[in-house]
Amino acid sequence: MKILITGANGQLGRELQKQYAEKDVEIIPTDVKDLDITDVNEVNKFVKEHKPNVIINCAAHTQVDKCEEQLDLAYKINAVGPKNLASAAFSIGAEIVQVSTDYVFNGNGNTELTEFDTTDPQTVYGKTKLDGENFVKTLNPKYYIVRTAWLYGDGNNFVKTMIKLSENHNELKVVNDQIGTPTSTVDLASVIIKLIDEKNYGLFHCTCKGVCSWYDFAKEIFRLKNIDINVIPCTTEEFPRPAKRPKYSVLRNYMLEITTGDITKTWQESLKEYIENLDM
Ligand SMILES: NC(=O)c1ccc[n+]([C@@H]2O[C@H](COP(=O)([O-])OP(=O)(O)OC[C@H]3O[C@@H](n4cnc5c(N)ncnc54)[C@H](OP(=O)(O)O)[C@@H]3O)[C@@H](O)[C@H]2O)c1
């Protein structure tokens, strides 16, 4: 099997390459300098030439606040890119994996959200990612759309930011009124590989298990790293950002639960493993 990974230098792209290295699969890792997913001609040419069986799209404009001001770029990377990849995949009978986000929901509720709940994005990032999902669904029936949240892995992320900040701060204020689920790229990549192996097409939520606030997440990071720092809970209003943040953004992996099983760990277990292997 031949698998094309786009955005391969990102957090998820790196983890997928690591996990696939132990399998009998040929990987074609690309990032924007090798294959710009926003360029329809480049994508069609590349896909026809390399003929992958599966395209896993890990490329995205993931800077939520910047998306608010970079509207065209956000639409190009998060919506047009997946469109180009889905239709190029369809033209050669290949499958497409599109990774999406909890930001497709409004985050105003107080219950877990399943794949059957209604989307209502509130930000440019969320809207463009939902348009990306819709293009993929429309253009290629052999799709896997996998929504995740609060992702960390090999790259810049909240865990590393907290650890770096602790090097020159005695106390840190962290938002305590946004609830979600920290998710390791290890769990997400394992689920994506399982979906492909089982040809379990469709829309899936994939986060680790359990819920917490950013404050709880920070506390657990410092506890596991044995860092002595005063963490002070604060409100979203104290940290105004260009893009609205969801208050309650908990995805339930319902489709995994009712199809072939949910292999994700609790967010605390995965965070512990991540921190044990973290080189910083
Ligand atoms: N990070 C999160 O907390 C989070 C939460 C929910 C969902 N997700 C979704 O999960 C997926 C993976 O996220 P991640 O954290 O692994 O992302 P990431 O680390 O930001 O990686 C994205 C990669 O895409 C590349 N890229 C950007 N524009 C491109 C283009 N036009 N063509 C090809 N590659 C391009 C980036 O390259 P440059 O760095 O050179 O721009 C980067 O290597 C994304 O779909 C994201 O929306 C992420």
Side-chain angles (χ1 to χ4, degrees), residues 4-19 28-43 46-47 55-67 70 72-86 88 96-105 107 113 121 123-133 135-136 144-162 178 180-189 191-192 204-208 214 217 243 245-246 249-251 253 267 270-271 274:
L4 166 61
I5 301 180
T6 58
N9 291 339
Q11 298 195 89
L12 178 61
R14 284 170 194 259
E15 181 58 32
L16 279 163
Q17 288 181 74
K18 200 167 148 194
Q19 294 193 21
I28 313 166
T30 62
D31 214 281
V32 63
K33 64 175 185 337
D34 325 289
L35 176 60
D36 179 351
I37 64 163
T38 69
D39 184 330
V40 65
N41 294 320
E42 206 183 308
V43 168
F46 194 98
V47 168
I55 300 176
I56 308 181
N57 180 28
C58 301
H61 190 338
T62 53
Q63 295 179 62
V64 174
D65 291 321
K66 275 203 180 150
C67 284
Q70 299 177 333
D72 290 357
L73 188 63
Y75 269 110
K76 279 174 82 170
I77 301 175
N78 293 341
V80 174
K83 173 194 87 66
N84 293 341
L85 294 168
I96 172 98
V97 180
Q98 170 63 12
V99 184
S100 193
T101 170
D102 56 317
Y103 274 70
V104 299
F105 295 109
L113 295 154
T123 59
V124 170
Y125 174 69
K127 284 178 190 152
T128 56
K129 291 293 290 184
L130 183 60
D131 286 325
E133 286 188 11
F135 273 132
V136 167
Y144 312 87
I145 293 172
V146 186
R147 293 183 186 143
T148 190
W150 295 28
L151 197 62
Y152 61 87
D154 186 357
N156 292 328
N157 57 61
F158 183 81
V159 183
K160 290 186 184 171
T161 303
M162 286 297 112
Q178 290 170 28
T181 308
T183 300
S184 166
T185 51
V186 176
D187 294 77
L188 177 59
V191 165
I192 289 173
F204 295 85
H205 287 179
C206 176
T207 60
C208 281
W214 291 107
F217 188 15
R245 295 300 197 268
S249 207
V250 178
L251 302 181
N253 301 346
W267 70 265
S270 291
L271 180 63
Y274 177 74

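When a ligand or atom number is given, it counts from 1 through the structure's own listing order. Counting from 1, the numbers follow the sequence of the chain as shown.
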Main chain of Ile37, side chain of Asn84: is a donor-acceptor contact present, judged purely on distance under 3.5 Å?
yes

If you look only at pairs with a residue in residues 147-160, which of them pass as a salt bridge (Lys or Arg N to Asp or Glu O under 4.0 Å), with sequence neighbours excluded?
Arg14-Asp154, Glu133-Arg147

For Phe135, the ring-ring contact (aromatic ring centres under 6.0 Å, His included) test, sequence neighbours excluded, returns none

Compile the protein residues with any heavy atom at a distance under 4.0 Å from an atom of ligand 1; present them by chain, then by number.
Gly7, Asn9, Gly10, Gln11, Leu12, Asp31, Val32, Leu35, Asp36, Ile37, Thr38, Cys58, Ala59, Ala60, Thr62, Ile77, Val99, Ser100, Thr101, Tyr125, Lys129, Thr148, Ala149, Trp150, Leu151

Parallel, tilted or perpendicular: ring planes of Tyr152 versus Phe217, cut at 30 and 60 degrees
tilted

Strictly distance-based, threshold 3.5 Å: is any side-chain N or O of Asn78 a donor or acceptor partner for the main-chain N or O of Ala60?
no

Taking side chain to side chain contact (heavy atoms under 4.5 Å, CB included) as the definition, give me every residue that meets it alongside Leu113, ordered by chain and number, with sequence neighbours left out.
Phe105, Asp117, Leu251

